[in-house]
Amino acid sequence: MEGILAIWQRDLTKFFRDRARLFGSFSMPILFLLIFGGGLSGTMETMMSGGFGEESSGFNYVEFVFPGIVAMTLLMTAIFSAMSVIEDKNYGYMKEILVSPISRVSIAVGKMLGAATVSTIQGVILFLLIPFLGLSYSIISLIQVIPFMFLLGAALSGVGLLFASMIKSTQGFQLIVQIIVMPMIFLSGALFPVSNMPGWLDVIVKLNPVTYGVDVMKKIMIDVDSLPQTVQETMGLHITVFGRTVSVFEEILFILAFAVIFVAIATISFKRAHA
Amino acid sequence: MNSIITVKGLTKTYKKVDAVKGINFDVKEGEIFGFLGPNGAGKSTTINMICTMLKPTSGEIIINNYDAKKQKDEVRASIGIIFQENTLDGKLTANENLKLHCRFYNVPKNKREKRIQEVLEIVDLVDEQNQRVEEYSGGMKRRLEIARGLLHYPKVLFLDEPTVGLDPNTRAHLWEYILKLKEKEGITMFLTTHYLDEAEISDRVAIMDQGEIIAIDSPASLKDQLGGDIIELSTEDNEAALREIEDKMETVEVKVEDDTIHLKVESSDAFISSFIKTLEIPITKLNIRKPTLNDVFLAFTGRKIKE
């Protein structure tokens with residue numbers, strides 16, 4: 001336990017010391033908010049009122065995109081935080097960890113919790129933009145969504161840990177991440193509905209953990225039930241797997257299982273590693 | 001004295017290469033054990049297996065009564081390792097680096113700060129402990145790593161090329177610290193180094209070559225085994241001098257390297273006066289010395305250590 005805490009705390013301390021990283025990682029979500037929020041919202045809202053008329057009045061597209069952008073930030077921060085494993089290998093610190101009596105599963109869990117904490121902090125800082133975007137989420141829903149953000153961050157950092165265990169250089173890692181992260185964002189419903197995808201793309205959407213993460217976040221943050229049925233369907237708020245609509249509980253379970261599987265893989269990779 | 005490390009029939013085979021070929025040795029409690037050998041001799045492979053970082057192909061390793069293959073965590077808790085390369089976290093302060101180490105090794109919370117100050121004092125870094133390690137000089141980093149290796153009171157401290165890349169002055173200081181440590185704490189030290197003069201402080205040395213241990217003894221008796229003293233000289237005509245020496249004199253061994261003649265004789269005191277009288281060719285340079293570990297190494301492996 002002490003080992004997990006030590007590894008977790010080290011990554012946090014280093015995160016707060018690295019101010020460039022802290023601020024630099026906000027450029028992307030803000031850019032996306034400007035493009036998708038400012039640029040696309042007019043179009044989306046016109047389409048909605050054109051299609052459904054009165055029923056969809058009061059529909060605010062930015063309200064839907066914002067949870068998606070937060071999830072995107074979680075994904076990027078969680079995966080990039082896992083890069084610390086590669087840095088530790090290159091700067092030799094991983095040796096110090098590996099020759100100590102800490103159990104290998106503690107190393108994996110410590111790294112995962114570190115990345116989850118860092119990404120949750122980054123996500124929560126984005127909440128500061130809410131008033132400037134003219135949005136209003138209830139305080140309670142914002143507080144409720146934070147534990148889930150932590151879980152999602154942990155699961156997604158698992159993906160990063162997997163890559164970090166296979167790749168030796170940080171440059172290589174960044175390249176792979178670009179190739180993986182972008183599709184994970186675009187095929188998750190974070191920025192636009194993905195309910196009407198062609199078959200093969202639909203498979204990717206349904207396997208993508210971000211899909212469920214974004215969906216849960218929207219359902220916690222937005223008062224979905226008060227929206228007209230047509231709007232709910234158009235915005236892809238009912239994800240179906242094998243013709244069955246999945247519940248929030250099942251989605252959370254899927255993400256939890258995802259996190260456990262990836263921490264197990266990471267443990268094996270630390271067991272194999274000899275400094 | 002009890003053995004703190006016992007190695008029996010240890011082998012490591014990579015696909016086709018036998019890196020370590022069934023070696024046996026033991027390290028006694030409280031001694032400084034020098035582990036020497038040219039590059040590629042199998043030293044690092046052996047140390048990695050002893051430190052539980054590499055799985056042996058076969059053989060047995062016992063450290064502090066624990067089996068390095070089965071009781072990895074107990075072995076890891078019993079040893080401290082100073083690696084060849086820097087393994088500190090530069091973004092953290094020295095104190096923070098040491099605190100982390102305490103937590104990795106389960107040093108009880110109420111003893112941490114006291115031990116940290118204690119080891120910092122040994123290596124003279126008390127005043128610099130709140131600086132980030134990236135601001136440290138090479139020598140300071142090395143000292144901090146030694147301090148860190150001691151924090152959990154290991155039974156054996158492994159020092160893998162501890163002075164590599166340091167200037168001579170810092171090197172000398174570092175050995176002072178290491179010797180001080182041996183005197184004060186009585187820790188067993190397992191040392192590898194390229195600088196054979198530094199290995200002289202060892203109580204015993206093992207020489208490894210091509211996966212085998214070819215000699216193991218105290219530096220003094222290894223040098224005694226070579227027998228006699230060494231005379232190095234240059235003359236105006238080395239070839240003629242060589243002929244003369246081989247004709248007229250009783251030497252153990254004669255060798256020519258570059259433009260120096262190396263003579264090994266049983267006793268230089270008895271030999272030298274008659275030698276100088278007898279030799280007709282004028283001598284330009286003369287040096288008489290006792291054998292060093294370098295000579296031992298050369299005699300056993302047929303090579304100098306840094307080839």
Side-chain angles (χ1 to χ4, degrees), chain A residues 1-22 24 80-81 83-111 113-115 118 165 168 170 267-275, chain B residues 12 44-45 47-56 64 66 68 71-93 95-109 112 132-134 141 144-145 148-149 151-152 154 156-158 160:
Chain A
M1 197 58 203
E2 188 67 35
I4 297 179
L5 284 177
I7 289 176
W8 172 75
Q9 212 175 22
R10 168 171 174 258
D11 279 359
L12 274 191
T13 311
K14 294 183 74 169
F15 167 72
F16 284 115
R17 279 192 193 163
D18 194 353
R19 301 238 165 73
R21 194 175 130 205
L22 191 63
F80 273 110
S81 300
M83 202 164 76
S84 70
V85 171
I86 298 182
E87 278 167 8
D88 286 347
K89 276 188 209 161
N90 292 348
Y91 290 113
Y93 197 80
M94 193 48 87
K95 273 192 171 180
E96 153 79 357
I97 298 176
L98 286 174
V99 296
S100 77
I102 307 177
S103 72
R104 309 296 109 157
V105 68
S106 300
I107 303 174
V109 172
K111 280 287 174 194
L113 294 183
V118 168
S165 70
K168 287 209 170 84
T170 50
T267 305
I268 294 168
S269 83
F270 285 124
K271 269 200 175 131
R272 280 208 198 135
H274 40 77
Chain B
K12 179 69 193 180
S44 299
T45 310
I47 293 179
N48 280 335
M49 287 192 285
I50 296 176
C51 299
T52 74
M53 287 291 100
L54 190 65
K55 206 173 160 229
N64 195 23
Y66 298 116
Q71 296 161 294
K72 284 187 185 164
D73 287 348
E74 287 83 352
V75 168
R76 285 173 184 154
S78 313
I79 60 178
I81 310 175
I82 317 295
F83 292 103
Q84 232 176 88
E85 67 273 19
N86 175 23
T87 62
L88 296 161
D89 191 330
K91 299 273 177 229
L92 301 179
T93 67
N95 190 288
E96 286 167 331
N97 267 289
L98 297 178
K99 228 173 248 155
L100 273 174
H101 188 89
C102 286
R103 300 175 77 179
F104 292 163
Y105 284 81
N106 277 318
V107 175
K109 212 168 189 170
R112 285 178 199 160
R132 288 201 195 170
V133 171
E134 60 192 355
K141 282 184 190 159
L144 180 60
E145 288 200 80
R148 188 177 66 177
L151 263 182
H152 57 285
V156 189
L157 190 64
F158 287 83
D160 190 10

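Letters A, B, ... mirror the listed sequences (proteins, then strands); counts begin at 1.
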For this session: With a 4.5 Å cut-off on heavy-atom pairs, point out which of B/Arg132, B/Glu145, B/His152 contacts chain A the most.
Result: B/Arg132
Exercise. Among B/Lys99, B/Glu74, B/Lys91, B/Lys109, which residue forms the greatest number of heavy-atom pairs with chain A at distances under 4.5 Å?
Worked result: B/Lys91
Exercise. Nearest 0.5 Å, what's the OG1-CE distance between B/Thr87 and A/Met94?
Worked result: 12.0 Å
For this session: Please name the pair of heavy atoms, one in A/Arg10 and one in B/Leu100, separated by the smallest distance, quoted to 0.1 Å.
Result: CD-CD1, 3.4 Å
Exercise. Pick from A/Ser106, A/Ser103, A/Ala6: which one has the most heavy-atom pairs with chain B under 4.5 Å?
Worked result: A/Ala6
Problem set entry | Shortest non-hydrogen separation from B/Asp89 to A/Lys14 and the atoms involved | OD2-NZ, 3.0 Å
Problem set entry | B/Leu92 vs A/Arg17 side-chain heavy atoms within contact, under 4.5 Å | yes
Seminar exercise, completed: Okay, B/Leu88 and chain A: the region with an atom under 4.5 Å from a heavy atom over there is backbone
Seminar exercise, completed: Nearest heavy-atom contact between B/Asn97 and A/Tyr93 is OD1-CE1, 3.8 Å
For this session: Could you tell me the separation between the NZ atom of A/Lys95 and the CG atom of B/Asn86, rounded to the nearest 0.5 Å?
Result: 11.0 Å
Exercise. Should B/Phe104 and A/Ile7 count as side-chain neighbours, where that means a heavy-atom distance under 4.5 Å?
Worked result: yes
Problem set entry | For B/Met53 against A/Leu98, the heavy-atom pair lying closest together | CE-O, 3.3 Å
